[in-house]
Amino acid sequence: MKYDFKSIEEKSQSLWDKIDLYKVNRDQNKPKYYVLDMFPYPSGAGLHVGHPLGYIASDIFSRYKRMKGFNVLHPMGYDAFGLPAEEYALATGIHPAVSTAENMKRYKTQLSSLGFSFDWSRELATCDPKYYKWTQWIFTQLFDHYYNLKTDKAESISSLIQIFNSEGNAHIEAATEQETVFTAEEWQAMSAKQRSDILMNYRLAYQKIGYVNWCEELGTVLANDQVKDGVSERGGYPVVQKPMTQWYLRITAYAERLLNGLDNIDWSDSLKTIQRNWIGRSEGASVFFDIKGHDDQIEIFTTRPDTIFGATYMVLAPEHDLVKAITPESHKAEVEKYVAYVQSKSEIERMAEKKITGAFTGAYAVHPFTVEHIPIWIGEYVLKDYGTGAIMAVPSDDERDNAFAQKFGLSIIDVVDKTEYPEAGMHDKVGKMINSSILNGLEVKDAIEKICKELESRGIGKKEVNYKLRDAGFSRQRYWGEPFPIIYNSEGLAEALPLESLPLELPATDDFKPGKGGRSPLSRLENWVKLPDGYYRETDIMPAVAGSSWYYLRYMDPHNEEAFASKENIDYWQDVDLYVGGSEHAVAHLMYARFWHKFLYDNNLVPTEEPFKKLVNQGMIQGVIEFIFLEKNNAQKTFVSAELINEENEDQYARIPVHIDFVSDYGSTDSYLNNEGIEAFLTWRPEFKGAIFKSPTAVYPGNNDIQIMTLSEVGKMSKSKFNVVNPESVVDNYGADTFRMYEMFLGPIEQSKPWDTKGIEGVSKFIRKFWGLFFEDDKLMVSDEAPTKEEMKILHQAIKKVTEDIEKFSFNTAVSALMICVNELRKLNCNKRDVLLPLVQLIAPFAPYTSDELWSQLGQADSIHVSDFPEFNAEYMVEDSFEYPICVNGKKRFLRSFPADFGKEEIEAEVLSLEELTKWIEGKNVIKTIVVPKRMVNVVVK
RNA sequence: GCCCGAGUGGUGGAAUUGGUAGACACGCAGGACUUAAAAUCCUGUGGCCUUUGGGCCGUGCGGGUUCAAGUCCCGCCUCGGGUACCA
């Protein structure tokens, strides 16, 4: 029988579908195992070859666990809200709900063709009102809770109000930005607005002013992704940072628990480190500085309070609230100019900026100890959202402060003598204090202690723990997302909708353009926004991370209408045992999901503190990205050929990605756009209509044989990079099993690599050879003869290696172990049933279609996927000798076999008497001989 | 800039975690089958030198530790991911 993957796949698939092979229910007789993939965003470009990398790995693992006797939950769904569908709607008028539904359909078709063992009855989509009802409900719960630092958990706002009523807020310890203290009487006397404002400072979902990327020309707020080199990716218009009132989630309340929780989960060290750094816990002190001639004070945070006597100036973030107030007339122009410059840059650009920039405000602060007047500057290296947005600058002990002081001629006072620590760098907390009045002579550590006490006793500062982690901006001025379940009364005070009013469905519209002043498209829908009695709705929507922060819980009970999932189901499935997904989600999604989970835990809604016990990062399958260069600040849109770009003029150009289909020789250093490519590009991006293209020798329009060189990079395969490769054609040509094994064979699962189909022939050949073991002249030919010792050894070697490799997610080496096994059995012409039957089971998780077909051809009744995984038996592996490499001074010289039960001394004696050795040790002294049993022998000579 | 990865033949990668560098594949070369090609099968394949016994060099670069380094330490370079509104 010929290996015909098409008919095999159809046959197996229809059988699986018929008996609902992968449907799973609670089963108290089996241990549960929950394998989860990061669900995909259903992009218009379709599933690309990078998605399945993780899905195949998790599917192999699921199938393996199932064969090992576990009740495996392995679901799939869609992260269906998001910006691309909305951008697509803006361009085409097609409603995001329509395009998203189509994309999901396509994804499902694509996923179904790859032989995954998903329980499709649990499929979910975050844009489904039945789903986002609960996303909204969790949001209302966050709105209705605050974080009590005494009990270290979330508690209800109503319990907080009770305390306010009985004793004010003096004894409350909460995660809050509420600074003023009030009594019960004061609270009771407050207006509804005042109370609401105070409660906002406590809620876990709250409002404050934040900055958005505002593009005046497009009249819209842009995602960071849509801003390139300081201009809008679409059209190349200027973008500035604009303040807007927005919703935030108080994730910072959970900073300490998010940090500590990392110790108890099985994630890679690198991923944990990323999260630890992201949380960025640092101990230090906050200090208040008076401002000369003003009542206000500047609060700073420093990790080095000991160096306070070296503080020679201060720097505020350019957006700091006090900048306007303290800047005298004489310096207004300069300060405003600088602030405008900074607001034209994104945060990344600011942090990456190598140039030292800043402006003097003209104001002075009063040093709390020396009482000297020190100048207050603003500078982009101080970020508004980190710490207090203000620093005391100590140029002697901080590199950036030092560079700043050098550049602007500010004074530097050495305060730490490091002569006793010649190895120590500027940032190491060691040395003796000098020039520091009361701290002189103290070690840094002691100085920190002393100065903190001093600050506290003088009431001008205190010890403090600060986190780099910031509260999560949760508002989007967009359409395609969950509407906030929030209404405002006639006074503008926010109220959460009760569960009975949920879901608050996203209203239908066919106009996705932004509202006035950058507000969301929903703000145009007056009938929806306006409610009786002067009430009106929140018009922002939630970000895509909302839906993905809890979806793993919904799979446990996806159709429940009474709760986000029933207690029974949550108690049975508990948490995710294995989570597979890209490391690009290392902070955003994984941090938010952990935060929501802990919040739900505080409310006794989930039984575990952490959602994902074990996490494996799959690397990215990368693609080629092609860019062309657009001149910034030029009304006549002008693209120039890449060879005209150099380091000096680079920042005058924006990189605009081009669809790889338009680019000739894409992926090479000589990639270029010719006339057809330019025309295709202009049709594709009509906003660049009328643009001109310059190469060193020609100009478009005008020349007919222009070559605009493009810049090629390797990077993420993504619709926004226009470089997506789909799996369909590969599956059509080689079959799903070959595709699966090839993606695994490409390399370690966690490593990123560019997509390339070179080499798929090898895997295809392997499957056909494997199939060939069972057939002779197209007829099934399997012998019932007992296998030889050698055959059993080959089989069990493979069982051992494959089992170990699956357990440690080393699928590429598992595939090569299977290849070796098949090659060796072929050499022996082995067709013994007792070898082939376990071999098919061994391959089953990797090649589910082919193995199930062979299984049934061998006369087995049920699907192979409900059979048992073969067990390794060490008996077949016993070796009676081992071939040692004999090294001289660490270099291998020859090989020699010794009986496996030889001890170190026996081997050493034998080796030293070997004739082959004489030539290497002649005229030299043997100093020692190192024997590592079952490894190697090294003779050291001099 | 900061944080996290990665760098091994022409290519993807392997190496029991300090112990035979290059498993398994792709590609290439030669051969068998064929009128021919494809498919299939066999052989060879890191570089340099060679008296054909073998020798020397070799895991991004420069140092170091060790009997022994792809693996550990120090200092760099290049590429990728993240950098809080792509998901």
Side-chain angles (χ1 to χ4, degrees), chain A residues 38-41 43 79 81-84 87 210 212-213 221-227 246 251 268-271 273-274 276-278 280 346-354 381 385 400 468-478 543-545 548 582-589 591-592 617 619-620 622 713-716 718-721 742 745-748 750-754 756-763 765-766 768 804 810 812-813 815-820 823 883-895 927-930 932 934-941:
Chain A
M38 287 185 187
F39 62 170
Y41 174 78
S43 144
D79 190 9
F81 274 136
L83 201 48
E87 290 294 316
V212 295
N213 299 312
V221 174
L222 295 174
N224 289 336
D225 205 45
Q226 298 174 305
V227 183
Q246 313 206 58
I251 189 172
S268 71
D269 287 336
S270 65
L271 192 54
T273 309
I274 292 172
R276 285 195 186 104
N277 291 336
W278 184 260
S346 73
E347 210 170 303
I348 294 176
E349 288 174 310
R350 276 175 66 174
M351 286 188 289
E353 184 59 80
K354 284 180 207 155
Y381 78 102
D385 290 313
R400 288 161 312 171
K468 206 148 53 186
L469 183 71
R470 308 199 299 245
D471 281 344
F474 215 61
S475 286
R476 300 291 181 269
Q477 292 71 33
R478 285 289 182 165
V545 291
S548 61
S583 62
E584 69 270 26
H585 300 282
V587 280
H589 160 60
M591 197 69 85
Y592 295 132
N617 276 137
M620 230 164 292
Q622 296 160 317
E713 275 184 5
V714 167
K716 257 189 0 183
S718 124
K719 200 189 174 198
S720 65
K721 303 286 194 300
Y742 178 60
F745 190 61
L746 273 176
E750 70 278 5
Q751 218 162 82
S752 294
K753 51 233 146 195
D756 197 343
T757 45
K758 255 199 320 242
I760 194 166
E761 282 295 339
V763 176
K765 237 187 265 180
F766 157 75
R768 278 175 281 143
E804 286 170 359
S810 179
N812 56 329
T813 52
V815 173
S816 74
L818 290 167
M819 286 175 169
I820 292 168
N823 286 345
E883 192 172 49
Y884 282 88
I886 313 297
C887 308
V888 179
N889 284 346
K891 273 192 182 149
K892 185 189 80 173
R893 292 308 178 184
F894 56 93
L895 299 168
I927 294 169
K928 61 175 157 177
T929 307
I930 291 150
V932 185
K934 297 270 174 74
R935 281 270 189 288
M936 47 71 72
V937 178
N938 190 16
V939 182
V940 185
V941 297

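To find a chain, count down the sequence lines: A is the first, B the second, and so on, and within it residues start at 1. Just so it is clear, the values below take in all heavy atoms, side chains as well, and ignore hydrogens, waters and symmetry mates.
Residue N812(A) places at least one side-chain N or O under 4.0 Å from the OP1 or OP2 atom of A14(B). Here R768(A) reaches the OP1 or OP2 of U40(B): one of its side-chain N or O atoms lies under 4.0 Å away. Using a 4.0 Å cut-off, no side-chain N or O of Q477(A) falls inside it from OP1 or OP2 of C85(B). Proximity of K765(A) to the phosphate of C24(B): no side-chain N or O atom is located under 4.0 Å from OP1 or OP2. In this model, the phosphate group of G82(B) is approached by a side-chain N or O of K716(A) to a distance below 4.0 Å at OP1 or OP2. In terms of phosphate contacts, R893(A) brings a side-chain nitrogen or oxygen within less than 4.0 Å of OP1 or OP2 of C56(B).
Across all strands shown, U17(B) remains unpaired; no Watson-Crick or G-U wobble contact has both distances below 3.5 Å. Across every strand in view, G22(B) sits unpaired, with no contact that passes the Watson-Crick or G-U test at under 3.5 angstrom. Using the Watson-Crick or G-U wobble rule with both distances under 3.5 Å, U71(B) pairs with nothing in any strand shown. Here G44(B) sits opposite C28(B) as a Watson-Crick or G-U wobble pair (both hydrogen-bonding atom distances under 3.5 Å). Base pairing annotation: G80(B) forms a Watson-Crick or G-U wobble pair with C4(B), both donor-acceptor distances under 3.5 Å.
Comparing the P positions of G82(B) and G63(B) gives a spacing of 36 Å, expressed to the nearest Å.
A syn base is found at G9(B): its glycosidic angle is within 90° of 0. Taking syn as a glycosidic angle within 90° of 0, G60(B) does not qualify and is anti. Look at U45(B): its glycosidic torsion is beyond 90° from 0, and that puts it in the anti range.
Taking every side-chain heavy atom of P748(A) into account, A14(B) is the closest of C85(B), A14(B), U83(B). Closest to the side chain of V212(A), from the set G12(B), C85(B), A87(B), is C85(B). The nucleotide whose nearest atom lies closest to any side-chain atom of L83(A) is, among A84(B), C57(B), C86(B), C86(B). Side-chain proximity of K892(A) to G82(B), A21(B), C85(B): nearest is A21(B). The side chain of R935(A) approaches G19(B) more closely than any other nucleotide in the set G19(B), A25(B), G82(B). When each of C4(B), C86(B), C56(B) is scored by its nearest atom to the side-chain atoms of P84(A), the top-ranked nucleotide is C86(B). Among the nucleotides C85(B), G13(B), A84(B), the one closest to any side-chain atom of R476(A) is C85(B). Listed candidates were A15(B), C86(B), C4(B). Nearest to the side chain of T813(A) is A15(B).
When the P atom of A25(B) is taken as reference, atom CZ of F766(A) falls 10 Å away, rounded to whole Å. Atom P of nucleotide A69(B) and atom CG of N889(A) are separated by 11 Å, given to the nearest angstrom.
Within the nucleic acid shown, H585(A) comes within 4.0 Å of at least one base atom, counting heavy atoms only.
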